[in-house]
Amino acid sequence: MTKEEKSGDLIEKESEHRGDGLHHAPGTFTLTLILLVSFVVYYFANWKALADVWHVR
Amino acid sequence: MTTLDPTVEGALPETEAAGRGNHPPGTFRVCATTGLTVDLAAEKFIKINAVFAVVFLLLGGIAALLLALTRWSAVHLLNAEWYYRMTTFHGLNMLILWILFMEIGILYFAATALLKSRLASVKAGWAGFACMAVGAIMLDAVILAGKADVMMTSYVPLRAHPTFYLAIILVAVGTLIGVINFLATVYIAKRDKTYSGSVPLVVFGAITAAIIAVSTLLHGAGIMIPTFLWSIDVIDHVDPAAYRLVWWGLGHQSQQVNVAAMVSVWYLLGTLTVGAKVLNQGVSRTAFLLYILFINLASAHHLLVDPGVSAGWKIWNTSYAMYLAVLASMIHGYTVPAAVEVALRKQGHTKGLFGWLGAAPWKNPGFSGFFLSLLIFGFIGGITGVTLGTEQINIIAHNTLRIPGHFHATVVGGTSLAFMALAYYVVPLIFRREFPLRWMCRAQPYVFAAGIVLMSLGMSFAGSYGVSRRSWDVEASGALHPVSYDPSVHVWLGVLGIGGSLAFVGLLMFVVPTVLAVFFGKRVEAKMPAW
Amino acid sequence: MSIESPAKNWLHAPTGTERAWIGLALLWCIVLTLAMPYWHFKGKQNSTGEAYTVEPTRFADRVQQFVDSNKVGEVNGTPIAEPPPGGDAYLQAQMWRFYPVLQFKKGQTYRLHISSLDIQHGFAVLPINMNFQVLPGYDHVLTITPTMAGEFPILCNEFCGIGHHQMTGRIIVTE
């Protein structure tokens, strides 16, 4: 790939595919941790809301 | 690169032949922007399916605006009869017609362009399209004629005109033909060795969607055919509990087709917009495989407070065995943005944790639409979906506005927005037309996403006070026994109304430039202009 | 590249933060899975789906019998029926009303039978927001214990035709 093709619309050559080695994505990992925390809070808040209604079996 | 001379006949040298897959000479072009081969027959079907999709999106969108303005208590626009009619109309146009036409287009693209293959059968393509188109028009006509005010779910024994069921069967059969044509194309590409090794990830995702679609459509046939026969008095009873079980094999699984298609589009747009590479093919493919294996259990989500289903059955099914399909979505929710992050870091945007995110091409609606779709799907749609689909929690959610609050974040903020983002590439690359009103295109994903998020929150909060999902009059005025809610309910219904209206503006900001581009846009002669 | 065939031997175990995330997500999935059986045994709110097939006309007869022997009053022309604590209560859903009005005692447990005489309906208790499905031909039994006193509107939340939004009823819970 040439340098001026840095922007979006380009397709790299298969030979450039570097396989599945270690990658560095700390931002994404942080985002997913935020997702997990929101998930846990929302999920247990709903159990709490459920615990307040009439008993039923 | 220019289009290959279509008049060249006879055998090409070995290397060149490999470059053009199994396309017979004169039946394809080479895309100047991406270098992909585009089968001309498939291209025609992609175009015609996309055009139909957008027409139904607009119809469903108009209905959506009317519904939002009716649920907004201060406006309360439609009368009861038209409110329920429009609810039916909106559900079917959006969830079935817009999405299915778009998905057939995506499948044809994935199998032909990405695998360098010709379309397996042009005749089947037309047959499938004709069935879908005729079915779709019949469906809208019978609903607007007032003969099928039964909601999208059409739960028996509430009865619609037989045309309604027949129309759905036709759409399902047409889609099934399209899906089989896709699978056949994948097969001939493999047979003709148009690619080496494994299929590209986007094709793998498309195959996932297709396999789930086959299962979905068989469930649809399994319940709609007896229901059609019942509607013409050939059989005298369809069990309502059995109907719900099998119908949701269609209703829920079809949404999982959307998930698989949407995730494929995420990967595709990651590549097209920032050159993202798949970080770990094995992980992403395994996640798709989990969808195929476990997602069809999800029809249990709709039966959690039904009579006659046991706790054990519900726990097993509603958790997709052990939330393994949820795990799949959480994996894609990491791998897709991580691929974007890695690509942007490699381009030099390495500052801090989120420097890459700040430097992302947010003015490119293909990127902003895709990334907003990812965020809305994960943070709102995913979290609410898993929670509401928990066996016992469903007691405080079933059939309240919390349910549409959830699925508008998955199907609209997620799938529809991703498909819109895709259109910003489909129109210049496949229709080869430039978008006019580019400022409007750039703003569109933000307006649409903001509207959908507001609407979804309004629905969710109103629903948590017990507001029913399909009620024309929340206050039930004139009812024998009065009903009253916490007054803040009307504030949330107002948020729903404002959000819905804003989303409609966002929808028009998509439809208008797209239609102008397709019919009057400047021809893209060489490379598509960068966003 | 998501649109090209991957290089050969693409199957690798995940590494780094990807591996950590998959581990965390899997752990969370296990928590989600265990929460439901836990609540099934320890929680007080479970929809067990107890149900019996019943002809709609037979169900209507049982409802009438129940009303005749347990009637304690009338509101807006609808009889109020109060079953004995621990006893069976019957609620009939039809286009577009619930019948009769039920009266319970707070903290007592009742077997509440709900079914429909015509099409599918929903049973929603407001404002506490509990929701169940009501099908014709199925006697849906909820073993229910009201935990607060007051008047609770009930509402149909499954679309049942043009009068759907006016399909209401009431449960009265006394101290």
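Here is how names work: the chains are called A, B, and so on, in the same order as the sequence lines, proteins then strands, and each is numbered from 1.
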Check your understanding: If you check every heavy atom in residues 63-90 of chain C against those of chain B, which residues fall under 4.5 Å?
Key -> V75(C), N76(C), T78(C)

Given heavy-atom pairs under 4.5 angstrom as the criterion, report whether the side chain, backbone, both or neither of [X] touches chain B.
| X | value |
| --- | --- |
| D139(C) | neither |
| I162(C) | both |
| Y138(C) | side chain |
| W28(C) | side chain |

Identify each donor-acceptor pair in which a side-chain atom of residues 389-397 of chain B lies under 3.5 Å from a protein atom, sequence neighbours left out, and give them as a table.
unit_1	atom_1	unit_2	atom_2	d
T390(B)	OG1	V386(B)	O	2.9
T390(B)	OG1	T387(B)	O	3.0
Q392(B)	NE2	M36(C)	O	3.0
Q392(B)	NE2	N46(C)	OD1	2.9
N394(B)	ND2	L388(B)	O	3.0

Check your understanding: If we only count heavy atoms from C-beta on, is the V199(B) to L115(B) side-chain gap below 4.5 Å?
Key -> yes

Revision key, fill the gap. Y195(B) meets the ring pair (Phe, Tyr, Trp, His ring centres under 6.0 Å) criterion, sequence neighbours left out, with none

Exercise for review: Would you mind listing every salt bridge (charged side-chain N to carboxylate O under 4.0 Å, His left out) that reaches into residues 465-477 of chain B, with sequence neighbours excluded?
Suggested key: R470(B)-E158(C)

**Study point:** Mutual orientation of the aromatic rings belonging to Y110(C) and F104(C) [parallel < 30°, tilted 30-60°, perpendicular > 60°]
**Key:** parallel

Study note, to complete from the structure: Greatest number of non-hydrogen atom pairs under 4.5 angstrom with chain C, of D486(B), V150(B), L324(B), V203(B), falls to V150(B)

Review point. Is a side-chain donor or acceptor of S116(C) paired with a backbone partner of L135(C) at a separation under 3.5 angstrom?
Key: no

